[in-house]
Every structure is written in structure tokens, then in C-alpha cells.
Amino acid sequence: RKAALPEYIIFLQNLNGVAQSDGPLEVAEVSQLRAHLLDLYKRTLAPAIRPTAQLLGELDSRQIQQLGKTLAGETRKQKKEKLDISREEYLDMRADKTVDFVEWLAGELSGEQGQKIREMSRQLPVASHSQLQHRETSQGRLIALLNAHAGADDIAAFLSSWALTPEETRTSQQQHAVQSFETATDEMIAQIHGLLTAGQKEHMRKLISSYIESMRDENKRSMPQAEHPS
């Protein structure tokens, strides 16, 4: 809390400033916010990698086998939800989730706003196959490492590459698919911002401000208490 929360607060303050802008939102601003959020994710995850590697290195063969089954089961579930349906069904599902998220963030949308956002979402590239393919390959490499009785250093190095620099472990085709999706998503977010009313932007401001206040409270609790004179 002491190390990460101040950074999250700064991010939310920047987000709040961008969200309230009366002028058009630039795609570059969205890209910068996404990069900042990704950096926060990495900072939050990084301290857990070494303890996780040490724990994984202590698993016996039965536990490794069960871990492999659990990971494979989760991947099958994701494939069923995203790949084992028609393209039209997937696009409709993704569009519904996009509209639901915008309504959570900005409040109720008009029918026209919802339809425009739904169409924007449907136009985004589909990267789910590449993402799941990369995930499945990485899971297989992890289980192979564990079965080979790799040490904590090797496991930690692999987890770091998988979680913190996934672009380095993706194929060129996977990387292109992900980058295309992220670029198009940034453009969509800028367009959605342009659709919002002043009241919806105020709804966003209040929501984001509530998170900022909650994080400030948590940050205070993480600070050493001042000593009282006896």
C-alpha cells in the first residue's frame, strides 16, 4: 500500500483530468493513460513473482499435474466463451460488455449513444485467438519447467517474461494482432469520450474521485502512526 497506492492515485487524478475535458480527447492521451496503467500493473505484480516461483519450485509431481489440469481447464473455458462461438456472436458479446462498462463509468446512455458504442466495439479487431494461443503456450512452458525441477531463479525469470514483458514471448503474428487491437481500442475510447454529455462526464468524475478518496484512506492506514508523548 505504501509503495503502490500513491502511484495509483496519481494515475486516477490524471484519468479524472482527461475524463472531464470539454474538448476532444486525443488518441495519444488515451495511449499514455493505458501505458501508465500497464506500468502500474507490472509494479503491482513484480513483488509477487519471486515468492510464487519459490512456491512453484516446491510442488511435487502430483501437484504439478493438478496445476497443469487447472490451467488447461481455465484455458478451455476461455476458448469456449471466445472461440467456440460464431464471429457474430463474439462481436455481439464484446459489444454488450463495452456498453455495460461505459454505463458503469458514465451512467445511463441514450439509445443512440449505446448503438454507436456497440458499432464501434464491433469494428475492433479480434485478438482473442492470439491471446489464448500465447497463454496456452506459456502455460505449457511453465509446466515443462516444473517437471524438469527447475530452480526458483529459472522459474522467476520465466514468470517475469510471461507477465511483465509478454511482447517478447509472443510470435510476430500474435504481437501484430495485440498491437492492432490496442491501437483501435485507444481510438474507440477517444471517440466514446466525444459522445458523452456534461452530466455523464460529471458522473465519471464523481466515480473516479470516490476511488481516489478510498485509496487515500488506505494510504493513510499504511503510514506509521505518529508517536504520542507519554
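All values below come from the heavy atoms of this structure, side chains included, with hydrogens, waters and symmetry mates left out.
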So which of L195, T98, T185 actually passes side-chain contact (heavy atoms from CB on, under 4.5 Å) with M120? L195

Determine, step by step, whether K201 and H193 satisfy the side chain to side chain contact (heavy atoms under 4.5 Å, CB included) criterion, reporting the C-alpha distance in whole Å, the side-chain angles of both residues, the deciding distance to 0.1 Å, and the verdict. CA-CA 9 Å; K201 290 178 181 179; H193 182 269; 3.6 Å; yes

Step-by-step side chain to side chain contact (heavy atoms under 4.5 Å, CB included) determination, E112 to Q115: CA-CA 5 Å; E112 183 180 2; Q115 185 58 35; 5.9 Å; no

Heavy-atom pair with the smallest gap, counting every atom of [X] and [Y]:
{"X": "R50", "Y": "A156", "answer": "NH1-CB, 4.3 Å"}
{"X": "S209", "Y": "N16", "answer": "OG-ND2, 3.1 Å"}
{"X": "A53", "Y": "A152", "answer": "CB-O, 3.6 Å"}
{"X": "A163", "Y": "P166", "answer": "O-CD, 3.9 Å"}
{"X": "S138", "Y": "F158", "answer": "O-CZ, 3.2 Å"}
{"X": "M204", "Y": "L105", "answer": "CG-O, 3.1 Å"}

Going by atom types only, do Q139 and T75 share a side-chain donor-acceptor pair under 3.5 Å?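 Q139 vs T75: donor-acceptor pair found between side chains.
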
Q78 and Q131: side chain donor to acceptor below 3.5 Å: no

Between the main-chain N or O of [Y] and the side-chain N or O of [X], is there a donor-acceptor pair closer than 3.5 Å?
{"X": "E29", "Y": "E26", "value": "yes"}
{"X": "T171", "Y": "Q174", "value": "yes"}
{"X": "S121", "Y": "I117", "value": "no"}

Heavy-atom count check: over 12 atoms from other residues, nucleotides or ligands less than 6.0 Å from K42 NZ?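 More than 12 within 6.0 Å, yes.
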
Are more than 12 heavy atoms, taken from residues, nucleotides or ligands other than Q32, located less than 6.0 Å from that residue's CD atom?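 Not buried by this count: 12 neighbours or fewer within 6.0 Å.
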
Are any of the side-chain heavy atoms of [X] and [Y] separated by less than 4.5 Å?
{"X": "N219", "Y": "P6", "answer": "yes"}
{"X": "S180", "Y": "H176", "answer": "yes"}
{"X": "Y8", "Y": "T44", "answer": "yes"}
{"X": "S130", "Y": "F181", "answer": "no"}
{"X": "H134", "Y": "V178", "answer": "no"}
{"X": "K79", "Y": "R76", "answer": "no"}
{"X": "E202", "Y": "T197", "answer": "no"}
{"X": "L56", "Y": "L67", "answer": "yes"}

Is there a continuous path of hydrophobic side-chain contacts, each under 4.5 Å between heavy atoms, that joins [X] to [Y]?
{"X": "I10", "Y": "L207", "value": "no"}
{"X": "L38", "Y": "I49", "value": "yes"}
{"X": "L37", "Y": "I192", "value": "yes"}
{"X": "F101", "Y": "L33", "value": "yes"}
{"X": "L164", "Y": "W162", "value": "yes"}

Spacing of [atom1] belonging to [X] relative to [atom2] belonging to [Y], to within rounding of 0.5 Å:
{"X": "T52", "Y": "I155", "atom1": "OG1", "atom2": "CD1", "value": "10.5 Å"}
{"X": "L91", "Y": "R122", "atom1": "CG", "atom2": "CZ", "value": "5.0 Å"}
{"X": "Q54", "Y": "D153", "atom1": "CD", "atom2": "CG", "value": "9.0 Å"}
{"X": "R87", "Y": "D92", "atom1": "CZ", "atom2": "CG", "value": "11.5 Å"}
{"X": "L159", "Y": "S161", "atom1": "CG", "atom2": "OG", "value": "7.5 Å"}
{"X": "T70", "Y": "Q63", "atom1": "OG1", "atom2": "CD", "value": "11.5 Å"}

Using the side chain to side chain donor-acceptor pair (under 3.5 Å) rule, take S86 and E89 through it: C-alpha gap first, then chi angles, then the decisive distance, then the call. CA-CA 5 Å; S86 71; E89 288 175 318; 3.3 Å; yes

H36: partners by ring-ring contact (aromatic ring centres under 6.0 Å, His included), with sequence neighbours left out: F11

Salt bridge or not between E119 and K116? Use side-chain N to carboxylate O under 4.0 Å. no

Lys/Arg N to Asp/Glu carboxylate O, R43 vs D39, below 4.0 Å: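 Result for this pair is yes, salt bridge flagged.
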
All side chain to side chain contact (heavy atoms under 4.5 Å, CB included) counterparts of V30, not counting sequence neighbours: L25, D186, I189, A190

Verdict with reasoning, K77 to K80, per side chain to side chain contact (heavy atoms under 4.5 Å, CB included): CA-CA 5 Å; K77 178 182 175 182; K80 184 176 181 180; 5.8 Å; no

Between E74 and R135, does a side chain to side chain contact (heavy atoms under 4.5 Å, CB included) hold up when you go through it step by step? CA-CA 10 Å; E74 182 59 29; R135 172 179 174 158; 2.7 Å; yes

Can you check side chain to side chain donor-acceptor pair (under 3.5 Å) on Q113 and Q200, steps first, answer last? CA-CA 12 Å; Q113 285 175 318; Q200 289 166 335; 2.9 Å; yes

Which other residues end up in the same hydrophobic cluster as L132, if Ile, Leu, Val, Met, Phe, Trp and Tyr are linked when side-chain heavy atoms come under 4.5 Å apart?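 Grouped by the 4.5 Å side-chain rule, L83 form the rest of the cluster around L132.
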
